[in-house]
Undergrad: 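Handing you a structure now.
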Protein chains: 2
Amino acid sequence: MREHAECCEELRVHPEILERVKPDMPDEECLYDLAELFKVFGDTTRIRILYVLFESEMCVCDIAELLSMSQSAISHQLRVLKQARLVRNRREGKTIYYFLADEHVRTIIGQGMEHIQE
Amino acid sequence: MREHAECCEELRVHPEILERVKPDMPDEECLYDLAELFKVFGDTTRIRILYVLFESEMCVCDIAELLSMSQSAISHQLRVLKQARLVRNRREGKTIYYFLADEHVRTIIGQGMEHIQE
DNA sequence: ATAACGTATGAACAGATGAGCATATGTTGA
DNA sequence: TCAACATATGCTCATCTGTTCATACGTTAT
């Protein structure tokens with residue numbers, strides 16, 4: 001078997017596969033954005049923040065206290081989460097409450113949990 | 001409002017929230033594994049590899065050709081994907097075919113896509 | 001055996017990233 | 001207006017990560 005692609009080829013690829021798959025690739029920008037999104041989930045601090053926000057909206061110092069981390073560290077990471085539109089916030093006096101932006105967060109994390117627990 | 005937590009507290013947290021959320025936190029190891037998993041999705045090269053494997057199982061040099069990257073770079077990334085049990089492989093003579101390990105990959109990426117396209 | 005091939009791997013280096021520190025911003029009450 | 005407070009942010013550094021290069025490994029055909 002595999003009697004193809006043997007004449008003057010530089011790479012011993014499988015052309016019939018390549019030709020079939022090539023047109024179905026999403027554009028680069030989309031895949032880049034997707035990787036950027038998952039990168040945000042790919043940090044323990046941020047995952048922990050998202051997890052506590054599953055339960056309740058919360059202010060920065062509540063989160064810092066729960067995770068035993070500095071206010072600064074949490075604030076930096078909340079910025080990343082906000083930019084990725086995974087969390088939103090609302091101000092109430094001096095306090096700023098953060099909460100999950102939408103249900104995709106739960107679904108994505110839920111699927112991740114299923115995978116690691118299989 | 002917010003007449004709580006004002007007596008002798010070092011941190012102006014919201015104790016009733018903290019006490020409610022604390023017991024519901026998954027253990028650290030689990031959250032660490034979860035972050036590790038998403039870290040794997042958080043790279044353009046790896047996302048692109050997973051995407052081409054959506055269509056068909058494929059050998060290393062097919063993938064390298066499709067993504068216009070070196071065999072070595074692809075091989076390194078396949079190793080990461082395999083360690084995360086997102087892909088598996090089978091040998092056929094000199095060729096090693098890689099394929100998606102399970103359906104979680106599609107679900108997770110699908111949810112990510114929904115999020116960025118909303 | 002040995003050459004050719006497809007793939008894997010270790011070392012090295014450049015670029016990315018998370019946390020700490022100091023400080024700035026914005027809000028409230030006196 | 002000013003002090004206290006909650007949060008945000010710029011800079012810096014140590015660490016992590018992805019790619020390249022060179023080379024090793026495992027398989028096949030001669």
Side-chain angles (χ1 to χ4, degrees), chain A residues 1-14 17 31-32 35-36 38-49 57-65 67-84 87-99, chain B residues 1-6 9-14 17 32 35-36 38-49 57-84 87-99:
Chain A
M1 63 192 70
R2 296 181 55 245
E3 287 87 12
H4 41 63
E6 47 218 353
C7 165
C8 319
E9 298 264 350
E10 296 166 54
L11 290 161
R12 292 6 165 256
V13 294
H14 304 95
I17 292 181
L31 293 178
Y32 178 85
E36 288 302 301
F38 286 120
K39 205 169 289 183
V40 176
F41 286 96
D43 174 81
T44 310
T45 301
R46 288 191 295 263
I47 284 279
R48 291 164 79 213
I49 292 176
E57 69 171 6
M58 220 171 283
C59 73
V60 177
C61 72
D62 282 347
I63 300 172
E65 168 76 4
L67 307 192
S68 306
M69 293 183 66
S70 72
Q71 175 268 320
S72 176
I74 299 299
S75 189
H76 276 296
Q77 296 308 152
L78 283 170
R79 186 171 195 263
V80 176
L81 291 168
K82 197 182 172 193
Q83 278 174 171
V87 304
R88 291 162 54 204
N89 61 23
R90 68 183 178 86
R91 178 181 281 274
E92 193 173 297
K94 282 176 287 191
T95 306
I96 297 182
Y97 289 95
Y98 280 83
F99 52 93
Chain B
M1 60 191 74
R2 297 180 56 246
E3 287 87 14
H4 42 65
E6 45 218 354
E9 299 265 348
E10 294 165 56
L11 290 161
R12 294 1 167 257
V13 294
H14 304 94
I17 292 182
Y32 178 83
E36 287 303 301
F38 285 121
K39 208 170 285 186
V40 177
F41 286 96
D43 174 79
T44 311
T45 300
R46 289 192 294 265
I47 283 279
R48 289 165 79 213
I49 293 177
E57 68 171 7
M58 220 172 283
C59 74
V60 178
C61 71
D62 283 346
I63 300 172
E65 168 75 3
L66 265 176
L67 306 192
S68 306
M69 293 182 66
S70 72
Q71 175 268 319
S72 176
I74 299 297
S75 190
H76 276 296
Q77 296 307 153
L78 283 170
R79 184 170 194 266
V80 176
L81 291 168
K82 196 181 171 192
Q83 279 174 170
V87 305
R88 291 161 54 204
N89 61 20
R90 67 183 179 86
R91 178 180 282 274
E92 194 172 297
K94 283 176 287 192
T95 306
I96 296 182
Y97 290 94
Y98 280 84
F99 51 95

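A, B, ... follow the sequence lines: proteins, then strands. Residue 1 opens every chain.
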Undergrad: Sequence neighbours left out, what passes side-chain contact (heavy atoms from CB on, under 4.5 Å) with B:Arg90? Give chain and number order.
TA: B:Glu57, B:Glu92, B:Tyr97, B:Phe99
Undergrad: Using whole Å, report how far CD1 of A:Ile96 lies from C1' of D:dT9.
TA: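 One finds 13 Å between C1' of D:dT9 and CD1 of A:Ile96, rounded.
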Undergrad: Can you tell me the distance, in whole Å, between the CD1 atom of A:Ile63 and the P atom of D:dA6?
TA: 15 Å
Undergrad: By side chain to side chain donor-acceptor pair (under 3.5 Å), which residues pair with A:Glu36, not counting sequence neighbours?
TA: A:Lys39
Undergrad: To the closest 0.5 Å, what do you measure between CG (A:Leu31) and OG1 (B:Thr45)?
TA: 10.5 Å
Undergrad: For B:Ser70, which contact category applies under a 4.0 Å heavy-atom criterion: base, sugar-phosphate, or nothing?
TA: sugar-phosphate
Undergrad: Considering residues at least two apart in sequence or located in another chain, which fulfil the side-chain contact (heavy atoms from CB on, under 4.5 Å) criterion with B:Ser72?
TA: B:Ser70, B:His76
Undergrad: Is the phosphate of D:dA6, meaning OP1 or OP2, less than 4.0 Å from a side-chain N or O of A:Ser75?
TA: no
Undergrad: Can you tell me how far P of C:dA19 sits from CG of A:Leu67, to the nearest Å?
TA: 10 Å
Undergrad: Could you tell me the separation between the CD1 atom of B:Ile49 and the C1' atom of C:dA8, rounded to a whole number of Å?
TA: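 To the nearest whole Å, that distance equals 14 Å.
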Undergrad: Flag the pair A:Met69 / A:Gln77 as yes when at least one side-chain heavy-atom distance between them is below 4.5 Å, and no otherwise.
TA: no
Undergrad: Short question: side chain of A:Asp62, backbone of B:His14 - any donor-acceptor pair under 3.5 Å?
TA: yes
Undergrad: Identify the heavy atoms of A:Asp43 and B:Ala35 that sit nearest to each other, and give their distance.
TA: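 Heavy atoms only, the tightest pair is C-CB, 3.7 Å.
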Undergrad: For D:dA6, does either OP1 or OP2 sit under 4.0 Å from a side-chain N or O belonging to A:Tyr98?
TA: no
Undergrad: Starting from P on D:dC16, measure out to CG on A:Asp43 and report it in whole angstrom.
TA: 13 Å
Undergrad: What about A:Gln71: does its side chain form a donor-acceptor pair under 3.5 Å with the base of D:dA6?
TA: no
Undergrad: For A:Arg46 versus A:Val40, what's the shortest heavy-atom pair and its separation?
TA: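 Distance-wise, the nearest heavy atoms are NE-O, 2.7 Å.
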Undergrad: Kindly give the atom pairs (protein nitrogen or oxygen, nucleotide nitrogen or oxygen) under 3.5 Å for nucleotides 10-13 of chain C.
TA:
residue: C:dG10; atom: O6; partner: B:His76; partner atom: NE2; Å: 2.8

Undergrad: Return the value, rounded to whole Å, for the distance between atom CG of B:Leu81 and atom C1' of C:dT7.
TA: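 About 16 Å, once rounded to whole Å.
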Undergrad: Let me confirm one number: the CG-CE distance from B:Leu66 to B:Met58, rounded to the nearest 0.5 Å.
TA: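 Between atom CG of B:Leu66 and atom CE of B:Met58 there are 5.5 Å.
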Undergrad: To the nearest 10°, let me know how far the axis at one end of the helix from C:dA1-D:dT30 to C:dA30-D:dT1 is tilted from the axis at the other, five pairs an end.
TA: 20°
Undergrad: Rounded to whole angstroms, how far apart are CG on A:Asn89 and C1' on D:dA8?
TA: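 The distance from CG of A:Asn89 to C1' of D:dA8 comes to 11 Å, rounded to the nearest Å.
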Undergrad: Just by protein heavy atoms under 4.0 Å, how would nucleotides 24-30 of chain D read 5' to 3' in B, S and -?
TA: --BBS--
Undergrad: Using the side-chain heavy atoms of B:Ala73, tell me which of these nucleotides is nearest: C:dG6, C:dA19, D:dT19.
TA: D:dT19
Undergrad: Has B:Gln77 got a side-chain N or O lying under 4.0 Å from the OP1 or OP2 atom of D:dT19?
TA: yes
Undergrad: Can you check the A:Arg90 CZ to C:dG26 C1' distance for me, whole Å?
TA: 17 Å
Undergrad: Apply side-chain contact (heavy atoms from CB on, under 4.5 Å) to B:Arg79 and list each qualifying residue two or more places apart in sequence or on a separate chain.
TA: B:Gln83
Undergrad: Which part of the nucleic acid, if any, lies within reach of B:Lys39 when heavy atoms closer than 4.0 Å are counted: base, sugar-phosphate only, or nothing?
TA: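 Contact class for B:Lys39: sugar-phosphate only.
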Undergrad: Please identify each residue that fulfils side-chain contact (heavy atoms from CB on, under 4.5 Å) with B:Leu78, with sequence neighbours left out.
TA: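 B:Ile49, B:Val60, B:Ile63, B:Ile74, B:Leu81, B:Tyr98.
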